[in-house]
Amino acid sequence: MSIKFTEETNAKLLNRICHTNYKQWMKSIYPLNKNCYIWMIQLTGKQKYGWSNNMSNDYIIEDYDMSLPKPSNFEIGLTTKYRYVFEKRKKGNSQYFLYHGLYELINIENHGGKRTLKKAEDIDNPLDLH
């Protein structure tokens with residue numbers, strides 16, 4: 001089950017679910033602790049900044065084009081086991097988020113360039129993440 005959040009930016013979503021007070025949050029990840037972060041991404045399969053992300057049933061495949069220089073946050077995804085997944089979607093000129101649940105990193109291939117995550121559990125109320 002997906003839950004829709006009408007916040008239009010990463011900062012507004014984080015302010016709502018983590019009780020922060022950000023004006024901007026440009027990164028797609030927000031660390032909750034060293035083993036878990038909030039992941040705000042598109043799941044379209046289209047490459048953006050070298051990354052493409054696809055969702056199929058209870059799995060997400062995160063793929064990086066290894067012919068490109070590695071971004072500064074490349075290693076974080078290799079060492080952080082759990083991710084709360086918020087999918088960015090657009091409707092017209094507006095953006096919103098769909099919350100898909102908690103996912104666990106289960107496989108790493110291609111020197112870290114391909115990562116497989118499996119749904120670990122549904123969290124009914126993502127406002128209780130912190």
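Just so we're clear, the structure is a prediction, and the values are computed from it rather than from any experiment.
The CG atom of L117 lies 8.0 Å from the CD1 atom of I61; values are rounded to the nearest 0.5 Å.
Grouping the Ile, Leu, Val, Met, Phe, Trp and Tyr side chains by contacts below 4.5 angstrom, directly or via other members, places I106 apart from I76. In the hydrophobic clustering of ILVMFWY residues, with side-chain heavy atoms under 4.5 Å counting as a link, W51 and M40 come out apart. Connection of Y84 to L78 is not established within any shared hydrophobic cluster, with ILVMFWY side chains joined at heavy-atom distances below 4.5 Å, either directly or through further cluster members. Cluster annotation: I60 and I29 are assigned to the same hydrophobic cluster (Ile/Leu/Val/Met/Phe/Trp/Tyr, side-chain heavy-atom contacts under 4.5 Å, transitive).
Side chains of N10 and F86 form no contact here, defined as non-hydrogen atoms less than 4.5 Å apart. Under the 4.5 Å side-chain criterion, counting only non-hydrogen atoms from C-beta, P71 is not in contact with Y49. For the pair K48/Q42, a side-chain contact is recorded, criterion being any heavy-atom separation below 4.5 Å from C-beta on. A heavy-atom distance below 4.5 Å is not found between the side chains of N54 and L43.
Judged as a salt bridge (charged side-chain N to carboxylate O under 4.0 Å, His left out), and not counting sequence neighbours, E8 has no contacts. With sequence neighbours left out, the side chain to side chain donor-acceptor pair (under 3.5 Å) criterion links Y64 to no other residue. Applying the ring-ring contact (aromatic ring centres under 6.0 Å, His included) rule to Y59 yields no partners; only residues at least two apart in sequence or on another chain are considered. Considering only residues two or more places apart in sequence or on other chains, Q95 meets the side chain to side chain contact (heavy atoms under 4.5 Å, CB included) condition with K88, K90, F97. With sequence neighbours excluded, no residue forms a side chain to side chain donor-acceptor pair (under 3.5 Å) with T44. Residues meeting the ring-ring contact (aromatic ring centres under 6.0 Å, His included) test with Y82, sequence neighbours left out: none. For D65, the side chain to side chain donor-acceptor pair (under 3.5 Å) partners at least two apart in sequence or on another chain are S67. For the side chain to side chain donor-acceptor pair (under 3.5 Å) test, no residue two or more places apart in sequence or in another chain qualifies with N53.
Nearest approach of I38 to C18, heavy atoms of both residues: CD1-SG, 3.5 Å. Listed here is the closest heavy atom pair of L102 and C36: CD1-SG, 4.4 Å. Closest approach of Y103 and K119 over heavy atoms only: CD2-N, 3.3 Å. Of all the heavy atoms in S52 and G45, the pair that sits closest is CB-O, 3.5 Å. The two residues N21 and N15 make their nearest non-hydrogen contact at N-OD1, 3.2 Å.
Every pair passing side-chain hydrogen bond (donor to acceptor under 3.5 Å, both in side chains) that includes a residue from residues 22-40 is listed here, sequence neighbours excluded: Y37-R83. Here salt bridge (Lys or Arg N to Asp or Glu O under 4.0 Å) pairs that include residues 104-118, with residues two or more places apart or in two chains, are E62-R115, K81-E104.
Under the 6.0 Å cut-off for aromatic ring centres, F5 and Y96 do not qualify, their centroids lying 6.0 Å or more apart.
Taking Ile, Leu, Val, Met, Phe, Trp and Tyr as hydrophobic and joining them when side-chain heavy atoms fall under 4.5 Å apart, one finds M26 isolated, its cluster having no other members.
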